[in-house]
Amino acid sequence: MNALDLLCEIIAAGGKPAVSDYRGRPGYAALLRHGFFREARVVSSVVCDECDAPHSAQVVFEGGSYGYHCPDLGVVVLDYPSVQALRPDAGRIVAALAEALGCKRRKQTPVHGQTWRIGALEAEAGEVMFYFHTKLQSEEDARSFSDALSREVRTQWRLAVTAAGTLPVAGSQAVRLDDLAELDHETGALRILATPADFVGMPRRNPGGRPSEQGPALAAIMSDRQDSGVALAGLNAESREIRAAFTVQNPSAKTPSIETVKRHLSKFRAGS
């Protein structure tokens, strides 16, 4: 499992996600050790399941301990570990992405609201400007990101990296963090999984030579999965399914690498 899957889940939870809900999950220790989040705050509310009618209750600190009030049971005392909350560090995430992508013109503070500029990267057909925006799941999220972009110098190619959702915003494309990169558990560095230019539909120069023999077969599988409604939203998960289908359908052919499948899938989704 890519540890960034877990990081995206924690960020997407919003508010003050409880440590107890995530501690022990694959990748948690590595993310904590390398500073992608901190066990820092206290949750604002908990669900009381001690009485006959489970309900949400506000956490308070009284008499030297944390607890909440239940109409049936009165004051219920909580252990501190049960009310610890996680605080994702957007600055750490943005810095790690900028380093992995090799971006220039980085910005260490938010552009506006929940939008951060990761930086710019020179590609074959021009410059791609990368941003980190926590979520693009709702119209409100899209408006917030659009507002932030209006404060930036306009560039032809823009890519928003998010923890959840990839709603389109005029003049940009979006990709989930866990589809773009993976975490090295030992070093804390991020590794980019696909060519970023593919996500924005940037045209590539023809390198010459023979066209990929795997391309037509992969395209057919992608098209069939999309038409039948079984295609998965996540780039990583869908690429694994496509690669497995390729192996079954072409037993005598060399199975493409997962990076190759992701590159073809990104181009397929971009309509190129």
Side-chain angles (χ1 to χ4, degrees), residues 1-9 11-12 25-27 97 100-101 123-125 128 130 133 135-139 141-142 145 157-183 190-207 209-272:
M1 177 183 178
N2 184 354
L4 297 186
D5 295 341
L6 178 61
L7 181 59
C8 285
E9 184 179 337
I11 296 172
R25 296 268 299 273
L97 282 168
L101 290 163
E124 291 180 354
V128 183
F130 295 87
H133 188 79
K135 293 187 290 184
L136 276 176
Q137 291 181 302
S138 66
E139 291 184 5
D141 296 334
F145 181 54
W157 311 101
R158 287 168 162 174
L159 183 66
V161 183
T162 79
T166 56
L167 276 181
V169 174
S172 69
Q173 301 292 329
V175 62
R176 277 180 50 121
L177 172 62
D178 50 352
D179 284 336
L180 176 65
E182 66 180 6
L183 177 72
L190 300 186
R191 185 172 74 88
I192 303 302
L193 297 172
T195 304
D198 290 338
F199 290 106
V200 296
M202 180 179 287
R204 287 174 169 270
R205 296 193 186 101
N206 187 349
R210 296 176 58 190
S212 169
E213 297 179 356
Q214 301 165 330
L218 289 172
I221 295 171
M222 294 170 195
S223 182
D224 288 344
R225 288 180 58 81
Q226 179 175 274
D227 293 344
S228 61
V230 300
L232 304 176
L235 181 68
N236 293 336
E238 178 64 2
S239 295
R240 287 192 290 268
E241 293 296 325
I242 293 168
R243 188 171 185 265
F246 181 96
T247 301
V248 171
Q249 296 180 19
N250 304 273
S252 61
K254 180 181 178 181
T255 301
S257 68
I258 192 66
E259 287 78 11
T260 296
V261 178
K262 288 177 182 177
R263 185 172 66 252
H264 281 273
L265 179 56
S266 297
K267 293 176 66 177
F268 177 81
R269 288 180 170 178
S272 57

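For residues 158-177, the set of pairs meeting the side-chain hydrogen bond (donor to acceptor under 3.5 Å, both in side chains) definition, not counting sequence neighbours, comprises Arg176-Asp178. Residue pairs meeting the salt bridge (charged side-chain N to carboxylate O under 4.0 Å, His left out) criterion with at least one partner in residues 224-237, sequence neighbours excluded, are Arg225-Glu238.
Atom CD1 in Ile258 sits 6.0 Å away from atom CZ in Arg243 (nearest 0.5 Å). Put simply, CD1 on Ile221 and CD on Gln249 are 4.0 Å apart, with the number rounded to the nearest 0.5 Å. One finds the CZ atom of Arg263 at 12.0 Å from the CG atom of Leu235 (value rounded to the nearest 0.5 Å).
Nearest heavy-atom pair, Asn250 versus Ala217, reported as atom, atom and distance to 0.1 Å: ND2-CB, 4.2 Å. Among all heavy-atom pairs drawn from Leu4 and Ala181, the shortest one is CD1-O, 3.3 Å. Between Met222 and Leu265, the closest heavy-atom pair is CE-N, 3.5 Å. Lys262 and Ser239 make their closest contact through CG-OG, 3.2 Å (heavy atoms, listed as atom of the first residue, atom of the second, distance). Shown here for Ala163 and Cys8, the closest heavy-atom pair between the two residues is O-CB, 3.3 Å. A pairwise comparison of heavy atoms in Glu139 and Leu167 identifies N-CD1, 4.2 Å as the closest pair.
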Output, in order, the C-alpha distance, side-chain angles, deciding distance and verdict of side chain to side chain contact (heavy atoms under 4.5 Å, CB included) for Val261 and Leu218. CA-CA 7 Å; Val261 178; Leu218 289 172; 4.3 Å; yes

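Between Phe130 and Leu97, every side-chain heavy-atom pair lies at or beyond the 4.5 Å cut-off. No side-chain heavy atom of Val128 sits less than 4.5 Å from a side-chain heavy atom of Leu101. Put simply, the side chain of His264 does not reach to within 4.5 Å of the side chain of Ile242, judged on heavy atoms. Proximity of Leu183 to Leu190: side-chain heavy atoms (C-beta onward) are separated by under 4.5 Å at one or more points.
Listed by chain and number, the residues in a side chain to side chain contact (heavy atoms under 4.5 Å, CB included) with Thr247 are Thr255 (sequence neighbours excluded).
In summary, the side chains of Asp141 and Ser138 do present a donor paired with an acceptor at a separation below 3.5 Å, with no hydrogens or angles considered.
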